[in-house]
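Just so we're on the same page: letters track the sequence lines, and every chain starts at 1.
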Amino acid sequence: MKQKLFFAVVLVCSVVVLNFFLIRLAPGDPAMTLAGQAGGADAETLEEIRRTYGLDRPLAEQFFVYAGKILTGDLGTSYYFNLPVSGLILERLFPTLLLVLSSLVISVGLGTFLGVLAARNPRGPLSYIVTAVALGGYSVPTFWLGQMLILAFAWYVPIFPVDGMAGLRVRGGLNQIVDVAWHLVLPALTLGVAFMAQYSRVSRAAMLEVLDSDYIRTARAKGASEPAVLFVHGLRNAILPVITLVGLQLGQILSGAVLVETVFNWPGLGRLALDSILRRDYPTILGILLASAVVVVVINLATEAIYRSADPRLRSGGRH
Amino acid sequence: MTEPLLAVENLCVDFATRSGPVRVLNDVSFTLAPGETLGIVGESGCGKSMTSLAVMGLVPRPNGRIASGRILFRGEDLVRAPARRMRQIRGAAISMIFQEPMTSLNPIFTVGRQIAEAIRLHEDVSKAEVRNRVVDVLGRVGIPDPARRADEYPHQLSGGMRQRVMIAMALVCRPQILIADEPTTALDVTVQAQILDLILRLQQEENTAVILISHDMGVISQVSDRVMVMYAGRAIEKGPCRDVVEASAHPYTRGLIACIPDIDRTERMAESDRLPTIPGIVPDLRALGETCAFAPRCALADAACEAWKVAPIRLDDAHVAACRKAARGIVA
Amino acid sequence: MARDPAFHPPKSPFVEAMAIFLGNRAAMAGLIILAVVILASLIGPSLYGVDPKATVNAPFLPPMEDVASPMGTDYIGRDVLAGILSGGPATIMIGTSAALVAVLIGITLGALAGYYGGLIDTILMRFTEFFQVLPALLFAMVLMTLFTPSLRVTIIGIGLVMWPPTARLARAEFMKLRNMDYVRAERAMGARDRRIIWRVILPNAMPPLIAAAALVVGVSILFEAGLSFLGLGDPNIRSWGEMIGSNRDYIFDCPWAVFFPGIAIFLTVLGVSLVGDGLNDAMNPRFRER
Ligand SMILES: Nc1ncnc2c1ncn2[C@@H]1O[C@H](COP(=O)(O)OP(=O)(O)O)[C@@H](O)[C@H]1O
Ligand SMILES: [Mg+2]
């Protein structure tokens with residue numbers, strides 16, 4: 001676990017290095033890129049940036065200035081908002097986390113449930129449906145699926161709202177929580193479907209293997225009921241590869257969140273990233289890239305911890 | 001004769017495979033009396049495990065099914081019993097332990113929890129009572145420091161310890177029948193005898209009937225009251241242990257007995273390469289008909305054997321063999 | 001159950017794989033979908049003859065209303081069917097080229113990591129992990145804005161974020177194959193590493209990599225659609241994703257202008273995935289059961 005933590009830090013540092021080089025790889029003056037006004041910054045601003053980032057110094061020194069700033073939480077200033085990027089990001093972090101985590105709950109929960117049920121009868125109808133839905137979910141463009149859900153459930157049959165994360169008139173208390181949850185349904189579902197499809201497929205395969213195992217036969221020999229066999233003895237073992245996959249796919253899930261936030265006007269990091277890109281607000285974009293890497297790394301460590309607690313063989317005290 | 005606890009009558013089990021249905025158990029019948037030990041012996045693949053799974057109602061679905069026959073447990077036909085009734089019986093009245101202790105326990109639960117589950121599935125007892133029984137039964141199967149061991153995971157135990165846990169789990173509800181399917185095959189030679197002794201001791205304490213399955217005629221002949229020899233899905237000889245071992249009627253049984261080394265175990269290990277074996281291979285079940293499946297490997301078989309429709313031949317009161325020549329005393 | 005040799009005389013692995021593939025109904029369906037898509041892309045535009053970029057009819061025209069625009073028109077009166085037909089070649093070209101870039105990077109890094117092992121493996125795998133952690137779309141978005149979007153930037157950008165899974169697979173294959181007898185024999189005869197990697201191991205590692213590459217094509221097509229949807233693709237190319245993106249704000253006025261391109265993407269990716277799965281089943285015998 002200590003080693004994992006170390007590599008997590010290394011990974012985040014690598015993104016800092018990447019950002020540093022991206023600024024310099026872009027055609028044109030790095031000061032211009034850091035000012036981020038699509039080339040429209042005045043001479044005074046550019047001079048100021050050159051000074052604070054030490055752009056006239058050697059490259060190595062420039063890097064330490066840059067890295068030092070980031071270490072102290074200074075991700076630069078967004079010219080558009082005229083606010084520190086770090087503050088902007090923190091503000092948008094919660095909606096994105098809410099979206100990503102709730103879609104993870106949907107995709108892992110529902111996906112594994114379907115996979116387990118399908119594995120009961122590998123040639124039965126449910127099994128074919130799961131396989132087909134998995135393939136469909138894998139092939140459908142996320143953003144388009146979101147648009148179709150909007151058409152279906154916010155336009156033709158207006159059940160769910162599509163005005164971002166919360167209605168304007170709802171303020172405070174339980175009402176607001178319910179309101180946000182109501183707004184969350186379609187975006188979380190959209191983001192969850194593609195991954196749910198994959199997880200159902202993976203857990204189905206894992207469950208087929210688990211159901212063939214000796215300890216499932218032991219459970220049956222004890223007189224355990226079929227649901228207990230599936231969901232107590234089977235599921236806990238079949239969910240392990242799903243957790244591994246979640247850890248590997250976090251980057252993809254965050255990528256999907258960018259699209260979903262755009263489709264649903266969800267006020268998260270992805271939406272901010274797109275807006276900033278259209279405004280050529282580079283400090284904000286690069287800040288988001290870094291922040292999202294941190295998010296991925298942190299959730300990754302969490303999945304690692306979950307995996308460990310789900311599989312006693314990985315805990316210490318083993319004899320083998 | 002006492003009323004049998006278990007009577008299996010004309011049991012046939014079929015499996016669907018790519019190349020059509022295969023009969024893996026063909027007309028198997030036997031009985032088991034209370035407190036008795038029945039040994040089932042035969043080469044690997046002859047249907048020993050399938051027989052025990054059929055009794056447990058655990059023939060693998062959806063490919064396998066009981067095609068015909070009855071399994072009478074105290075007069076109740078388990079083949080026709082509803083799933084709910086079978087769950088009541090499994091683990092409570094009839095228990096089973098398996099060959100592979102390394103994989104037969106769920107790796108993600110403590111052994112204590114797995115034994116506790118067996119109790120709670122069949123009895124309505126308090127949490128504290130369950131815990132007491134778990135620790136008690138672990139002690140009875142010879143696990144040192146049972147209170148601590150109950151909280152360990154399977155991977156923290158050795159193979160022998162895990163098999164003891166399996167035995168504890170099978171016996172914790174005091175079943176009337178214990179089926180032990182090659183309980184020692186996967187264990188170290190030194191542990192094998194301990195586990196076997198344990199099963200027999202517990203059997204005597206509770207007067208449990210035991211079906212002991214092994215491919216090793218040596219083990220079977222030492223501990224069984226009665227023996228059933230299986231070959232290619234059929235029971236080819238059965239009878240009291242003494243009769244089957246000392247007056248074998250079927251050439252296959254004699255072959256198995258010839259394979260028992262009469263030297264002690266250590267030497268057996270050293271000389272395992274030179275152990276006599278029955279020549280030939282186990283036949284493909286798909287290619288079998290109603291004639292003697294052993295004939296192609298049998299030194300005594302003649303043209304008439306190839307055409308003979310297999311039927312059990314009664315040699316005396318309890319001793320039966322499915323060999324054409326047994327009837328004429330050619331073998332015996 | 002083991003196959004009975006009497007009934008299944010041994011065939012060459014290629015013939016056997018081919019037979020399995022051709023016997024796979026899902027893969028065949030995928031192949032048919034792909035054939036239709038490719039055929040429509042090749043001859044559709046010239047056969048239909050409507051300019052996809054020009055306003056040719058009234059805006060917001062629903063499908064089937066006017067025989068001249070069977071799939072309707074979008075918010076500035078561009079023909080949706082013309083867009084679908086001409087978007088096919090662009091989408092498929094970008095998808096396959098990007099996948100090619102990704103597979104080349106992936107195989108190279110994976111081969112080196114798997115063959116040499118040790119420190120090289122550790123470093124390359126950390127590098128791969130880094131790219132896997134980075135949210136690919138965000139990274140590609142940054143690339144697309146720092147450098148002016150063009151066809152080449154799009155292809156390289158997608159290729160740069162798509163390679164890690166291929167690298168992992170290639171590494172695993174090379175680790176498995178590097179200790180095979182025929183590889184040892186080559187080495188004993190003094191063959192150079194270069195030759196062993198590319199001429200001896202790679203051909204044997206190809207089957208699973210080909211199947212994986214097919215799946216990369218599908219993901220790349222989806223990825224390109226996402227970028228174009230966000231308005232970050234080459235503005236001069238009308239791809240399916242771009243059609244959806246440009247009509248995003250008018251989705252309630254002309255849902256068909258969003259619906260049809262999405263169906264086109266979906267079917268194409270579905271076809272590619274089906275074929276990829278079929279190849280995988282045919283070429284990896286250990287997964288054949290079930
Ligand atoms: N799932 C299955 N499908 C087809 N045949 C099976 C299956 N399981 C077992 N068999 C066949 O049933 C026969 C009996 O197996 P088994 O009872 O396990 O033998 P053993 O005497 O070694 O315990 C074997 O020939 C085996 O090939
Ligand atoms: Mg067996």
Side-chain angles (χ1 to χ4, degrees), chain A residues 112 116-128 203 206-244 305-320, chain B residues 49 52-53 55-58 60-63 83-110 113-122 151-159 161-162 165-166 169-170 172-173 175 179 181 186:
Chain A
T112 330
V116 168
L117 284 188
R120 273 187 66 182
N121 188 355
R123 305 214 186 286
L126 186 68
S127 200
Y128 281 109
S203 58
M207 194 67 183
L208 278 175
E209 206 160 287
V210 168
L211 285 183
D212 245 1
S213 65
D214 291 344
Y215 58 81
I216 290 294
R217 191 180 52 189
T218 305
R220 293 212 170 100
K222 267 190 252 186
S225 68
E226 208 49 23
V229 168
L230 287 181
F231 291 103
V232 178
H233 289 272
L235 179 69
R236 278 280 301 273
N237 286 289
I239 208 169
L240 294 176
V242 174
I243 298 175
T244 308
I306 291 173
Y307 195 102
R308 266 163 199 277
S309 69
D311 189 350
R313 282 162 294 187
L314 296 178
R315 276 178 245 149
S316 52
R319 198 164 274 194
H320 299 287
Chain B
S49 297
S52 49
L53 288 177
V55 171
M56 295 290 286
L58 290 176
R61 297 179 62 81
N63 292 340
R84 258 198 67 184
R85 174 71 186 135
M86 278 316 290
R87 284 204 301 276
Q88 281 176 359
I89 291 176
R90 279 201 290 267
I94 310 179
S95 286
M96 182 161 176
I97 53 185
F98 300 97
Q99 176 173 347
E100 282 297 333
M102 305 312 272
T103 51
S104 289
L105 289 164
N106 194 326
I108 60 168
F109 296 124
T110 62
R113 174 171 169 177
Q114 296 185 57
I115 297 172
E117 187 189 7
I119 302 174
R120 265 189 266 107
L121 278 168
H122 301 290
D151 295 323
E152 290 194 341
Y153 290 93
H155 72 270
Q156 293 169 292
L157 305 177
S158 66
M161 283 296 158
R162 282 189 226 186
V165 170
M166 286 296 293
M169 190 154 49
V172 72
C173 290
I179 305 177
D181 186 0

To the nearest 0.5 Å, tell me how far B:Arg61 CZ sits from A:Arg120 CZ.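 Separation between the atoms: 10.5 Å.
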Just verifying a value: how many Å separate B:Asn63 CG and A:Arg123 CZ, rounded to the nearest 0.5 Å?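 Atom-to-atom, B:Asn63:CG and A:Arg123:CZ are 7.5 Å apart.
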When only pairs under 4.5 Å are counted, which of [options] shares the most heavy-atom pairs with chain A?
options	value
B:Leu121, B:Ile108, B:Leu105, B:Ile179	B:Ile108
B:Gly91, B:Cys173, B:Pro107	B:Pro107
B:Met169, B:Met86, B:Glu117, B:Met56	B:Glu117

Taking ring pair (Phe, Tyr, Trp, His ring centres under 6.0 Å) as the definition, give me every residue that meets it alongside A:Tyr215, ordered by chain and number, with sequence neighbours left out. none
Quick one: what part of A:Val232 sits under 4.5 Å from any heavy atom of chain B, side chain, backbone, both or neither? both
Atom group of A:Ala219 that falls short of 4.5 Å from chain B, counting heavy atoms: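 Neither part.
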Are there residues of residues 224-231 of chain A whose heavy atoms fall under 4.5 Å of chain B's heavy atoms? If so, which?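 So the qualifying residues are A:Ala224, A:Ser225.
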Donor-acceptor pair, distance only, cut-off 3.5 Å: does the side chain of B:His122 make one with the backbone of A:Lys222?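 Judged by distance alone, yes, a pair lies under 3.5 Å.
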Tell me, with the steps shown, if A:Thr218 and B:Asn106 meet side-chain contact (heavy atoms from CB on, under 4.5 Å). CA-CA 8 Å; A:Thr218 305; B:Asn106 194 326; over 6 Å; no
Part of B:Gln114 lying under 4.5 Å from any heavy atom of chain A: both
Residues in salt bridge (Lys or Arg N to Asp or Glu O under 4.0 Å) with A:Asp311, at least two apart?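 Only A:Arg313 meet the salt bridge (Lys or Arg N to Asp or Glu O under 4.0 Å) criterion with A:Asp311.
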Side-chain donor-acceptor pairs of residues 97-104 of chain B under 3.5 Å, sequence neighbours excluded:
from, atom 1, to, atom 2, distance (Å)
B:Thr103, OG1, A:Asp214, OD2, 2.6
B:Ser104, OG, B:Glu100, O, 2.7

